[in-house]
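Structure first, commentary second.
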Amino acid sequence: MRSPVSTLSLSLIGLVALLVMPWLVTSEYYINIASQIAIAAILALSLNLLVGWGGMISLGHAAYLGVAAYLSIYLTTQAGFGHLTGALIAIGATTGLAMIFGYLALRASGLGFLMITLALGQILWGVAYRWSSLTGGDNGLGGLKRPHPFGLNLMDPTTFYYFVLVFLGIALLCMARFMQSGLGQSLQGTRDQPRRMHALGYNVWLIQWLSFVFAGFWGAVAGLLYAYYNQFVSPQALHLTTSAETLLMVIAGGTGTLLGPVVGAALVVILKNVVSAYITRWLILLGVIFVVIVLFMPEGLVPGARRVLRALKNSPHTDKDADVSSIVRDRTQ
Amino acid sequence: MLCFRILLSTTVLATLALAPAQAAEPLKVGFMTVRSGALAAGGRQMEEGLKLCMDEHHGEMAGRKIDLITADTAGQPAVAKTKVQELVERDGAQVLIGPLAAFEALAIDDYIRQTKTPIISPSAAAEDLTQRKLNPWFVRAVGTSAQAHHPLGEYAAKDLHYKKIAIIADDFAFGHEIAASFQRTFEENGGKIVQKLWSPLNTAEYGTYITQIDPDVDAVFAAFAGGNGIKFLSEYKNYGMQKPVLGAMTTVDEGILKRMGSEAVGVISSGWYSAAIDTPANKKFVEAVRKAYGADPGYYTVGAYMACQFLNNALEQVKGDISNKEAFMKALRNVNIPESPYGPVKLDKYGQPILDITIRKVEKKDGRLQNVVIKTYPAVSQFWTYGADQFLKSPVYSRDWTPAK
């Protein structure tokens, strides 16, 4: 009974911390870093839907980030669309792309799925790199001005941070709701027992495809925010390293958990942008941290920390019964 | 009363004496380099060049101490954006030097305009930075992609009397711009580009491209960046190719020339700098670099070194006071260095230096390969002989510039 309450209070503390962050941190630089974390977290959350709950490991998730970013910048700066229509078309078209990619990639599972998503991602990268009349080639596209929704000035880092935070909140709510829904539950079923689910009369392919498209939609939202944040996009956004980095966030934070990808995103973004200022070889540090996570918390930071906390709480000094149960649990795990 | 007067006058004197002391607080200069990833070698040379210049000035310019803050952009546009924010917002950098790659410079372009931070580019060569996408806060200390290669096209047609040439170049903006500029002047002087091959930046093996080269050409123009020149030239020789090779500045840059052998000998290229330029200023510079780092200075070394000299020259014009950014920017665009490793420097009104372009030939001298100067085109503009207005009317050089015939 105790644990849901503590989870709730922990989330509340976290929420309050996120909201007051701009008052505690006065430097615009760190507020911008926080915005970046939130954007990366949305992308990681959407990938987590596939990896954690669907058991579909994708190496092409940068596709949605990049395509939505390219589309929104192209539509607003060159094709003459307004911000709102540009954003809606970008998200709609990117979700449409996810429908096609899902149709193609879900013909296979496991390693085959991974390779197809990788290939599709690389095709998009190649297109962005080569079709320079449209994408600016490796020079990228720039010149986007941040919009002014409801009279908010998004050029202000704090306002922008809250703007992104709202999207992160909605994303978290949607993910949580999705997991409780019948579709989310059956997605986990197809992950664990695809054949049994099939035998039970579920349309495994359709469940996976719908989840794939839903993930693509949130990838597109992340891409849109990415475009607003950077006001620039280049083929780097579509590159394999971006996909791999996102996957790393999910795995490091904890697959199949709601908060894991957020923690993972924070870890990677902070290492990449803040720690790298002090440590030249930050990539080695990232590698070391990842190895340590795999060694001591193979399930990821969030579930790992939960396990450690539980073990501490259930230590013999506080509760003998719980001690026994924890031993039993550990045995059975 | 007298006492009061003395007191007053001493106070005034003291205030006057204090004023310069206030102006002498350190000037914060943000420096963006690359320490990880594929571009790290160039980044290291930039750091060497910059350090050499800072040491030359004993860390002080126009009476102000220079506080240099270095950031690693990892050669990624999105990281470059974060790093420039870090430098400006957190560390309070007042002037920026960097970044290395053109796509990084383009990624931070909007931010530079927004914050109005003066920036000196030590390496990024993309044409449009000083042409069609002119940024009032941007000044470049190196040549544009095309600047050094317009003369080479003319030289190949007029002096070498080549008629048919095949181009092989890196498939990215820098390669496209170099190839197109060479093609333009070469064809205007009666030559013909019969073939254009584009190899990806990370090509592991050039065999498939070398075997495609038309056997009837008079020469091959190879435009490569990074370490690709090393791979291409050695494989070109291994395939038994006899046709002479013309190179872009970076194909046989001093930074990689030290890792090449006999295959590079005889390659004719053009550039806005060669370590072998025979002037007292350059000799002094090359000697200092050789002494400190045991190698000849190349593109990135001299680029960063000159960016730092630009800063010094502009600071001296405004006497170390950059509180008026507009005035400082004007000084930066007004940089005038009569003697430098790459010759006398003046900027055009687009913030791009007008440079002496040399035609160089790789020869073995003093036990090492050198880009020996065989001809100099003095004071070459980024617009070559076309004039700014006419030049800017046509779109920026790209992969699709006039196809090969």
Side-chain angles (χ1 to χ4, degrees), chain A residues 25-33 35-37 39-40 65-66 69 73 77 126 129-133 136-146 155 157 226-227 229-237 239 241-242 245 269-270 272-286, chain B residues 33-37 40 43-44 47 69-92 101-111 113-115 124 126-129 133 170-177 198 200-201 395-400:
Chain A
V25 183
T26 43
S27 162
E28 289 187 351
Y29 169 67
Y30 290 108
I31 296 172
N32 279 327
I33 292 283
S35 305
Q36 270 183 291
I37 291 176
I39 296 168
L65 180 87
I73 296 185
T77 60
Y129 197 79
R130 276 289 177 75
W131 196 354
S132 35
S133 56
D138 57 338
N139 284 342
L141 279 182
L144 179 78
K145 300 272 175 284
R146 286 182 191 170
M155 285 317 289
Y226 176 93
Y229 175 78
N230 286 306
Q231 297 165 275
F232 176 84
V233 62
S234 73
Q236 183 72 36
H239 199 256
T241 46
T242 311
E245 226 170 62
V269 171
I270 288 176
K272 186 168 158 179
N273 292 305
V274 183
V275 179
S276 64
Y278 306 100
I279 301 164
T280 313
R281 306 271 174 257
W282 65 275
L283 277 171
I284 296 178
L285 185 70
L286 179 66
Chain B
T33 181
V34 178
R35 283 178 175 163
S36 38
R44 203 184 58 243
E47 288 184 50
I69 311 148
T70 308
D72 171 18
T73 64
Q76 293 179 23
V79 182
K81 175 82 195 277
T82 316
K83 289 293 171 183
V84 73
Q85 285 175 335
E86 173 188 318
L87 289 171
V88 173
E89 287 157 22
R90 196 187 64 179
D91 303 324
F103 50 78
E104 294 179 294
L106 289 160
I108 63 170
D109 190 56
D110 281 326
Y111 183 77
R113 288 169 200 262
Q114 254 169 52
T115 55
E127 298 271 299
D128 269 354
L129 285 169
K133 290 177 186 160
D170 279 331
D171 195 3
F172 75 137
F174 186 58
H176 301 155
E177 291 178 1
W198 305 107
L201 257 187
V396 68
Y397 289 142
S398 68
R399 199 174 193 260
D400 314 319

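Remember, predicted model here, so these are calculated numbers, not experimental data.
Taking 4.0 Å as the cut-off between side-chain N and carboxylate O, B:Lys83 and B:Glu86 count as a salt-bridged pair.
Nearest heavy-atom pair across B:Trp198 and B:Arg399 is CD1-NH2, 3.5 Å.
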Kindly determine whether B:His176 and B:Asp171 satisfy side chain to side chain donor-acceptor pair (under 3.5 Å), including the steps that lead there. CA-CA 7 Å; B:His176 301 155; B:Asp171 195 3; 2.7 Å; yes
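When heavy atoms are compared at a cutoff of 4.5 Å, B:Arg113 does not approach chain A at all. With a threshold of 4.5 angstrom between heavy atoms, B:Gln114 approaches chain A through side-chain atoms but not through N, CA, C or O. For chain A, the nearby part of B:Leu201 is the side chain; its heavy atoms alone come within less than 4.5 Å. Of the atoms belonging to A:Asn32, it is side-chain heavy atoms, and not backbone ones, that fall under 4.5 Å from chain B. Interface remark: A:Glu28 contributes backbone and side-chain atoms alike to the contact with chain B (heavy atom separation under 4.5 Å). With a threshold of 4.5 angstrom between heavy atoms, A:Ile33 approaches chain B through side-chain atoms but not through N, CA, C or O.
Counted by atom type alone, A:Gln36 and B:Thr82 present one or more donor-acceptor pairs between their side chains at under 3.5 Å.
With respect to chain B, the highest number of heavy-atom pairs below 4.5 Å among A:Tyr226, A:Phe232, A:Tyr129 belongs to A:Phe232. The candidate with the highest count of non-hydrogen atom pairs below 4.5 Å against chain B, out of A:Gly143, A:Pro235, A:Pro157, is A:Gly143. Between chain A and the residues B:Ala105, B:Ala107, B:Pro77, B:Ala173, the largest count of heavy-atom pairs under 4.5 Å involves B:Ala107.
B:Glu177 contributes a side-chain N or O that, together with a main-chain N or O of B:Glu127, makes up a donor-acceptor pair within less than 3.5 Å. Listed for the B:Arg90 side chain is no donor-acceptor partner under 3.5 Å among the backbone atoms of B:Gln85.
Taking CD of A:Glu245 as the reference point, atom CG of A:Leu286 lies at 8.0 Å (rounded to 0.5 Å).
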